[in-house]
Protein chains: 2
Amino acid sequence: MHLPPLVQTFVLHFGEMGSRWGINRTVGQIYALLFVAERPLNADEIVERLGVSRSNVSMGLKELQAWNLVRLQHVPGDRRDYFATPEDIWQIVRTLVEERKKREIDPTLTLLRELLMQEAGTEGERHAQARLGEMHDLFELFAGWYADVRRLETERLVQLLTLGSKVQKVLEVKDRLVRLPGRIGGRAAKSDIKPTD
Amino acid sequence: MHLPPLVQTFVLHFGEMGSRWGINRTVGQIYALLFVAERPLNADEIVERLGVSRSNVSMGLKELQAWNLVRLQHVPGDRRDYFATPEDIWQIVRTLVEERKKREIDPTLTLLRELLMQEAGTEGERHAQARLGEMHDLFELFAGWYADVRRLETERLVQLLTLGSKVQKVLEVKDRLVRLPGRIGGRAAKSDIKPTD
DNA sequence: TAGCAATTTCAGAAATTTCTGAAAAGTCGA
DNA sequence: TCGACTTTTCAGAAATTTCTGAAATTGCTA
């Protein structure tokens, strides 16, 4: 691996973090390398800089493409494939949110729906089902949030994230205004989740 | 493994999802089992129901405790340890958010800060640093959001999550009101992140 | 402080994931 | 269609993670 020290530190870190983020080391390193690169890189350049096998890079790039985290580009007069990360970091956020939803939330949501349809035999199963119902509502809420985030344009997304704990004040303001004639704020959100604290 | 079919399906699914969520199969199964259990369970009961080794359960419980996802309880007249998940599912959300921040965001934030302090030698390093700066700002924003979520009481948390794409309307309303005399909405959030789309 | 019950630790076995090299498949111009 | 170049596939090697059984430790009470 020969890279400027700053880049190398970053690339190695991303490789290590990969396992916490659900990708493997090489995939993390490739992504980090492309992220800081000044121009698109081809597979052999990645092999050269990371010191891993060609086939590993090929598989890593395939996975990053499946995640929609890298874009394939072509350099005129060169038939090799060149890869780059989207420059807009907010596009990356939307992509990650979408993929996480698909992988970490949707499958469980599907299963929970199925289990809630079943007939509970024993007392224990009835209790389990009640608990699964709570989890289902929670997962639905998250799924909706993720879906919303994906659709928001950048400026609104920044606002939503910046909002955080200020939500209280903002909503107070809204509630007050919504009660005025004219109804700007839209209808109240349905919520079958009962707060317990 | 002997469990009612409904519970077994759920437990197995959680075990499989575990790897996507950054925990191992047994840890996922233990969590799922405790989540739907009618009463706290001791280690031997978990061994019995999941059909895994005693030591594996011991390690799994230790990890779940490190994540603050299970609580240790004592049954009077029984010196064994009993375990349960907090009943309030929103407490679980806060815990997960906190732990994810600690594991998935903070280490990278720390590294990015360090790298941004360094002197960039080459042109390539200067470009890399600019890119890392963008990532740093993004991670800061997320870290702040996560920290906020952890602090919100349940009702507000539900509101924040339900908000999603409605953020636009709500903020329009707020903006309008904030400009009125009295300044209810608080000061504008500082934002060094420039939207690019 | 001996004896028993419960829990934890840990070395190595088992399972899983990641990575490589070699071969296959695809692509383009001559 | 050939041949040079490029990418993909995949079986097995290497690395890593997970899991187990046995032993050690903890803590209680008699």
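No hydrogens, no waters, no symmetry mates; every other heavy atom, side chains included, goes into these values. Letters go in sequence order (proteins before strands), and every chain restarts at 1.
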Go through the side-chain N and O atoms of A:T95 and A:N68 and say whether any donor and acceptor fall under 3.5 Å apart. no
Which part of the nucleic acid, if any, lies within contact of A:S19, taking any heavy atom under 4.0 Å across all strands shown: a base, the sugar-phosphate backbone alone, or nothing? nothing
Please state how far atom CG in A:L50 lies from atom P in C:dT18, giving the value in whole angstrom units. 16 Å
Kindly point out which of C:dT16, C:dT7, D:dT20 is positioned nearest to the side chain of B:R25? C:dT16
Provide, to the nearest angstrom, the distance between the CG atom belonging to B:D44 and the P atom belonging to C:dT7. 7 Å
Identify, between B:G51 and A:R80, the residue whose nearest nucleotide on DNA chain D lies closer to the 5' end. A:R80
Between CG of B:L41 and P of C:dT7 the distance, given in whole Å, is 13 Å
When you get a sec, tell me which of C:dA22, D:dT20, C:dT8 is the closest nucleotide to the side chain of B:R54? C:dT8
Would you mind reading off the distance between B:Q65 atom CD and C:dT7 atom C1', rounded to a whole angstrom? 11 Å
Side chains of A:Q159 and A:R156: do they bring a donor and an acceptor to under 3.5 Å? yes
Which nucleotide wins on minimum distance to the side chain of A:S58, given the candidates D:dG21, D:dT9, C:dT20? D:dT9
Any A:S55 side-chain N or O less than 4.0 Å from OP1/OP2 of D:dT9: no
Please check if any side-chain donor atom of A:T154 sits under 3.5 Å from a side-chain acceptor atom of A:R94, or the reverse. yes
Separation of D:dG27 P from B:D78 CG (nearest whole Å): 17 Å
When we call it a touch if two heavy atoms are under 4.0 Å apart, what does B:N56 touch: a base, just sugar-phosphate, or nothing? base
Does OP1 or OP2 of D:dT18 have a side-chain N or O of B:T26 closer than 4.0 Å? no
Take A:V27 and A:R79, find for each the nucleotide of DNA chain C with the closest heavy atom, and name the residue whose nucleotide sits nearer the 5' end. A:V27
Whole-Å gap separating C1' (D:dC5) and NE2 (A:H74): 13 Å
What nucleotide among D:dT9, C:dT8, D:dC19 has an atom nearest to a side-chain atom of B:N24? D:dC19
OP1 or OP2 of C:dT9 versus the side-chain N and O atoms of B:K62: is any pair under 4.0 Å? yes
Distance flag, aromatic centroids of A:W67 and A:Y31, threshold under 6.0 Å: no
Looking only at C:dC19, C:dT7, D:dC19, the nucleotide nearest the B:D81 side chain is C:dT7
Residue pair A:R131 / B:T85, side-chain donor-acceptor N/O under 3.5 Å: yes
Between C:dA5 (C1') and B:N42 (CG): distance, integer Å: 12 Å
Which whole-number value in Å describes the distance from A:Q73 CD to D:dT7 C1'? 18 Å
